[in-house]
Amino acid sequence: MCNVLHEAVAAVPKTDRRRLLAMMGVGAAGTLGASVLGQDAAAAHPPQGPAGPGGGNAKSRTELVLLGTAGGPTHNGGERFGISTAVRYKNRVYLVDLGMGAFQRLAASGLRDNSEPNGALNKVRGIFFTHLHSDHTVDWPTLYATGSVNVTDPGREPIEVFGPGRRDSATRVYPPSRPTPALVNPSDPYPGIAAMTGYLRQGFAQDFNDRIRDTDFAGPDVIFRAHDIDISDLWRVDPAGKPPHLDKPIEVWQDGEVTVTATLVDHHPTAPAFGFRFDTPDGAIVISGDTTVSENLIDLAQGADYLVHEVIDAQWVDEIVSALPPEAAEPVRTHLLEAHTTIEQVGRDVAEPAGVKNLVLSHLVPGNSPDKSWRRAQRGFSGRLIIGSDLMSIAVRPSP
Ligand SMILES: [Zn+2]
Ligand SMILES: [Zn+2]
């Protein structure tokens with residue numbers, strides 16, 4: 001999700017905002033900034049899985065944990081935290097995206113090392129970013145800056161961090177008739193995860209150097225190692241950002257018995273954007289990232305045990321855009337529906353052709369839609385539908 005909706009809403013005359021806010025379930029125009037997406041999520045989706053230290057499915061060898069399930073960068077005021085998903089195999093934890101509050105959710109999930117008070121990140125082996133939208137990355141600075149004091153064995157292997165590399169082409173301007181806006185940081189307007197991490201290293205230098213000189217603080221280079229996922233042989237990203245079809249998955253990392261592969265999903269014009277697949281001896285878990293219906297993702301997810309997929313409520317989009325001025329309505333509709341997957345599409349057009357056993361809905365937009373709305377995703381899907389909630393823990397076991 002981008003800021004396009006928030007900006008469009010801000011352009012609505014104040015007198016019309018009450019109607020728009022009423023559609024979004026918001027009582028006062030003054031709360032708009034905190035309420036565009038998914039408020040009151042907790043009331044609609046109370047945590048369903050066991051949670052808390054030592055909770056979850058700690059005894060299963062492979063575990064899928066939804067840390068945060070909200071889509072979009074706007075703080076919604078509810079209890080649904082920003083998008084973040086964890087896969088645990090034995091004692092190793094892999095995180096996909098770090099939305100708002102992900103570190104808090106990790107610490108509360110039972111995935112932390114409870115034998116060490118300062119070991120919240122002890123089990124984390126890898127971090128994977130599907131794309132660099134802020135709703136997927138804002139807690140990366142939190143982990144990066146505090147990693148050294150949340151790992152009790154700084155002599156261990158670094159946490160490997162993977163994500164998109166630098167983009168050469170600027171995103172297309174939409175609608176094309178609009179004046180071209182100035183770029184932020186024009187000398188490096190589209191840094192990838194490695195460069196972004198380098199900027200964090202600079203930004204937190206005072207804290208790092210204070211601690212390194214004053215104590216035996218390990219410093220971020222000891223704790224984290226960032227990698228751009230190389231797609232140079234596959235695609236030179238163009239302004240439209242629609243990825244090509246891939247013949248095979250991208251090999252990202254083999255960590256012992258855990259294999260991590262990726263594909264290019266379609267979150268245009270944002271690109272590259274990845275979906276990830278984790279294969280353990282117990283099964284396969286695929287995480288979509290942000291995407292519209294993607295053939296690449298359907299290929300990646302073939303036969304998977306669990307597909308964690310983003311979803312947006314198209315009826316809500318219709319309600320939102322109906323309250324916008326015509327010039328703002330179409331760009332909002334285009335972004336929301338062409339870069340994301342609707343309730344009607346996700347089961348029928350993605351999970352069913354992928355042949356997955358379980359479809360887990362996450363990155364829910366809006367987060368406050370009632371469960372009966374999300375259950376429409378079952379239509380056309382013959383597997384099991386799971387409506388995700390924060391801290392839901394799912395044991396992944398080999399098929400009998
Ligand atoms: Zn998103
Ligand atoms: Zn996004």
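Counting convention: from 1, in listed order, for ligands and their atoms alike.
- Taking 2.8 Å as the threshold, Glu310 does not count as a candidate ligand of the Zn ion (ligand 1), since none of its N, O or S atoms lies below it.
- Vertex the Zn ion (ligand 2); arms to Asp290 atom OD2 and His131 atom NE2; angle 90° (nearest 10°).
- Atom CD1 of Ile285 sits about 8.5 Å away from atom CD1 of Ile394, to the nearest 0.5 Å.
- Rounding to 10°, one obtains 100° for the angle at the Zn ion (ligand 1) between OD2 (Asp135) and NE2 (His136).
- At least one N, O or S atom of His363 sits under 2.8 Å from the Zn ion (ligand 1).
- The existence of a salt bridge linking Asp390 and Arg105 is confirmed by a sub-4.0 Å separation between a basic side-chain nitrogen and an acidic carboxylate oxygen.
- Of the angles at the Zn ion (ligand 2), the one spanning ND1 of His133 and NE2 of His267 is 90° when given to 10°.
- Between the side chains of Asp97 and His363, no donor-acceptor pair of N or O atoms lies under 3.5 Å.
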Report the C-alpha distance between Thr342 and Gln345 in whole Å, list the side-chain angles of each, state the deciding distance to 0.1 Å, and finish with yes or no for side chain to side chain donor-acceptor pair (under 3.5 Å). CA-CA 5 Å; Thr342 66; Gln345 292 171 319; 3.2 Å; yes
Side chain to side chain donor-acceptor pair (under 3.5 Å) between Tyr89 and Asp255, intermediate numbers included: CA-CA 10 Å; Tyr89 177 66; Asp255 184 33; over 6 Å; no
